[in-house]
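We name chains A, B, ... by the order of the sequence lines, and we start the count at 1 in each one.
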Protein chains: 2
Amino acid sequence: MASSGSGPRRVTIDDVARSAGVSRQTVSRALNDKDEIGVSTKQRVLDAALALGYRPSRFARGLVRQDTISVGLVIPDLLNPFFTEVAAAALDAARAREWHVVVYDTGDRVEEERGTLEVIASQVDAVVGYLSLPEDEIDKLTRGLPVVLIDREHRTERFSSIRIEGEEGVHAAIRHLVEAGHRRIGMLDHAERSKPSIRHHWFDAAMSACGLDAGAVSRADQSVEGGEAALRELLAAHPDVTAVFTFNDIIAIGALRAARRLGREVPRDLAVIGFDGLRLGSLVEPPLTTVALDTRGLGALAVEQAARLLTRSEPLSSDELAVGAELRLRESA
Amino acid sequence: MASSGSGPRRVTIDDVARSAGVSRQTVSRALNDKDEIGVSTKQRVLDAALALGYRPSRFARGLVRQDTISVGLVIPDLLNPFFTEVAAAALDAARAREWHVVVYDTGDRVEEERGTLEVIASQVDAVVGYLSLPEDEIDKLTRGLPVVLIDREHRTERFSSIRIEGEEGVHAAIRHLVEAGHRRIGMLDHAERSKPSIRHHWFDAAMSACGLDAGAVSRADQSVEGGEAALRELLAAHPDVTAVFTFNDIIAIGALRAARRLGREVPRDLAVIGFDGLRLGSLVEPPLTTVALDTRGLGALAVEQAARLLTRSEPLSSDELAVGAELRLRESA
DNA sequence: TTGAAAGCGTTACCAA
DNA sequence: TTGGTAACGCTTTCAA
């Protein structure tokens with residue numbers, strides 16, 4: 001049983017102290033730029049540290065300083081511009097509090113989400129984001145951590161969630177279409193979950209509020225290509241449709257592209273209204289009319305609620321945990 | 001001088017132990033799902049923990065377990081799609097190693113970058129990303145941490161950097177324009193740094209390699225609006241320009257928009273070639289021809305090099321620390 | 001199945 | 001200006 005041990009042992013402050021011929025505290029002082037230390041001593045310590053390749057343990061440091069907070073931000077796909085915006089907002093809100101944000105991209109895979117949650121508990125003080133696992137499983141994996149869900153209901157006491165209140169905005173969108181003379185309005189819903197989305201319900205409600213029959217619906221993957229395919233499908237089945245409302249802006253952008261390729265000019269031959277209010281929407285041609293969400297609010301609220309949960313101060317009420325949406329008129333409708 | 005102390009003291013494992021009438025280790029066992037514990041004891045401990053709102057200290061845990069690595073990813077602006085792509089790639093590469101990534105968005109402000117670097121040293125094991133501070137300052141702030149710079153030269157021994165090799169790609173782009181008959185080719189460079197960018201040099205070199213005089217140049221802010229303004233300026237000063245190469249895709253997209261508003265049809269009246277190869281480029285109209293960078297490689301290489309620096313294994317050589325770029329023909333040129 | 005003791009690597013607080 | 005000692009909160013031996 002020789003002395004080889006398991007891998008190169010970590011270089012600790014004691015190694016540096018020994019090598020520089022001083023005590024630990026002196027090393028600590030040198031490294032943390034404290035005053036109470038001689039210049040030459042300091043230099044000697046710094047040299048020794050460098051020579052040994054010493055790096056302080058952030059855990060030991062954090063343990064004694066107890067002054068940093070990190071939140072884990074879990075998102076399905078950072079490349080999806082919607083999540084990018086939410087993430088950016090969350091980073092902003094966290095920075096304002098001097099919090100650190102550990103970002104996890106699950107790539108929309110449940111196993112990854114599970115893996116992330118498994119490992120997250122020992123790395124952060126709170127979890128915020130888009131989770132798709134069942135609540136009891138989340139509960140088990142995050143035992144003890146505050147959890148703030150975005151755009152998802154929750155029943156478990158421990159969790160909080162940020163609601164999206166889009167009904168108003170969707171109404172406004174449909175009303176706008178109707179006022180422009182549209183009667184046959186379709187929807188491109190998302191395809192991933194089994195049941196129709198809440199946004200679909202809002203659409204239905206808005207349609208009947210405007211005295212229209214339920215509109216035709218196609219289901220689209222959450223991608224530009226998905227939107228493209230879905231619009232083609234919808235128009236094939238219902239050629240008389242003159243306007244579409246989509247589950248989100250990404251799908252709407254796909255629809256825009258499909259329309260162009262089908263020779264339908266937007267908005268003249270087909271009006272398109274998206275949902276989300278992505279910046280991206282203003283770059284495409286024609287710029288996308290959309291039901292714009294307060295994405296910044298989404299990220300900020302989530303972080304704010306995490307903060308309250310963490311400090312045991314009065315958490316935000318259910319009423320406050322919501323962001324609104326309003327119709328943003330551009331050129332596609 | 002009462003006993004109020006400073007804020008509510010942290011609930012520790014000892015509090016739980018006391019409350020449940022067991023020892024610390026038993027609490028530890030219950031919380032970590034170990035076997036050596038009675039069912040009823042375990043439940044009692046769990047209940048106590050819940051009641052007290054106990055959350056294990058990740059620092060104490062990390063100190064003992066020493067098994068997690070985090071890198072800090074510093075980027076100027078997550079909402080800039082280019083950085084989003086790099087970030088996503090870095091997250092991917094990190095996940096493959098089971099590393100955690102703490103993301104910092106400096107909002108392109110040096111003070112924020114400084115603030116971030118100040119605080120980062122005690123939070124992560126390595127730093128990766130886009131930094132704009134002078135090397136000596138970075139050196140001071142990150143003392144001891146491995147640092148991998150992206151798209152920036154370095155002189156300091158301690159640092160590594162990932163180089164972008166775009167010369168080939170830019171040559172191909174200009175050659176392509178020349179073959180299409182263009183002779184008056186302009187460039188939209190970025191405006192932020194004082195001296196012309198390397199991409200500008202590549203452009204000049206490519207121009208002269210094709211036997212052309214130096215092209216007209218305008219400087220653009222790193223935004224769609226910036227690109228728009230810059231193209232207007234360029235065309236105002238040099239109306240005979242028939243093609244532009246831009247510092248990046250964002251600026252190119254602005255140019256596309258400006259061209260449309262000026263009534264110049266792309267590519268018929270004006271050819272546009274960007275740089276970066278953003279996904280976004282394929283969504284605009286017309287889809288953007290661009291010198292596409294291997295963004296995934298950028299993020300992945302940075303993380304890979306950080307890993308080598310961290311484990312003291314053979315770091316990647318300068319030759320390996322580069323990503324290439326190739327002309328991606330779409331419709332704008 | 002449970003508990004006592006010994007670390008993990010650092011900084012804070014005194015005393016020298 | 002320096003060093004000794006005591007935390008910080010947890011997990012891992014090893015004994016009971």
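No option in V74(B), D139(B), L117(B), L131(B) other than L131(B) meets the side chain to side chain contact (heavy atoms under 4.5 Å, CB included) test with V147(B). Evaluated for a side chain to side chain contact (heavy atoms under 4.5 Å, CB included) with R44(B), the options L46(B), T41(B), D47(B) yield exactly one hit, T41(B).
Side-chain atoms of V22(A) lie closest to dG3(D) of the nucleotides dG3(D), dT11(C), dC8(D).
Separation of atoms OG (S161(A)) and CG (L301(A)) is listed at 11.0 Å; rounding is to 0.5 Å. The structure places CD1 of I150(A) at 9.5 Å from CD1 of I75(A), a figure rounded to the nearest 0.5 Å. With rounding to the nearest 0.5 angstrom, the CD atom of E304(A) is 4.5 Å from the CZ atom of R308(A).
Atom CG of D15(B) and atom C1' of dC8(D) are 14 Å apart (whole Å). Rounded to whole angstrom, the span from the CZ atom of F59(B) across to the C1' atom of dT11(C) amounts to 14 Å. Rounded to an integer number of Å, the gap from R58(A) CZ to dT11(C) C1' is 17 Å. Rounded to whole Å, atom P of dG9(C) lies 14 Å from atom CG of D125(B). Here dA7(D) presents its P atom at 14 Å from CG of L63(A), a figure rounded to the nearest Å. dC10(D) atom C1' lies 8 Å from atom CZ of R24(B), rounded to whole Å. We find that CZ of R10(B) is positioned 18 Å from P of dA7(D), with the value rounded to whole Å. The separation between I13(B) atom CD1 and dT12(D) atom P is 11 Å, rounded to whole Å.
Classification of R155(A) and E135(A) as a salt-bridged pair fails, no side-chain N sitting under 4.0 Å from a carboxylate O. A salt bridge links R95(B) to E112(A): at least one charged side-chain nitrogen sits closer than 4.0 Å to a carboxylate oxygen. A salt bridge does not link R163(B) to D151(B): none of the charged side-chain nitrogens sits closer than 4.0 Å to a carboxylate oxygen.
Between S57(A) and dG9(C) there is no side-chain N or O to OP1 or OP2 distance below 4.0 Å. At dG3(C), one or more side-chain N or O atoms of S23(B) fall inside 4.0 Å of OP1 or OP2 (strictly under the cut-off). Remark: T26(B) is in phosphate contact with dG3(C), judged by side-chain N or O atoms under 4.0 Å from OP1 or OP2.
DNA chain D is contacted by no residue of residues 36-52 of chain B, taking any non-hydrogen atom closer than 4.0 Å.
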Report all interatomic pairs (protein N or O, nucleotide N or O of nucleotides 12-16 of chain C) with separations under 3.5 Å.
from	atom 1	to	atom 2	distance (Å)
dA12(C)	N6	Q25(A)	OE1	3.3

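Heavy-atom neighbours of E165(A) CD from other residues, nucleotides or ligands within 6.0 Å: above the threshold of 12. Heavy-atom neighbours of E153(B) CD from other residues, nucleotides or ligands within 6.0 Å: at or below the threshold of 12.
Summary of helix geometry: the two end axes of the helix from dT1(C)-dA16(D) to dA16(C)-dT1(D), each defined by five base pairs via their C1' atoms, are inclined to each other by 30° (rounded to 10°).
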Hey, mind stepping through R296(A) and E85(A) against salt bridge (Lys or Arg N to Asp or Glu O under 4.0 Å) and telling me if it holds? CA-CA 7 Å; R296(A) 297 206 67 71; E85(A) 292 196 7; over 6 Å; no

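Across all their heavy atoms, R58(B) and T68(A) have their closest contact at NH2-O, 3.7 Å.
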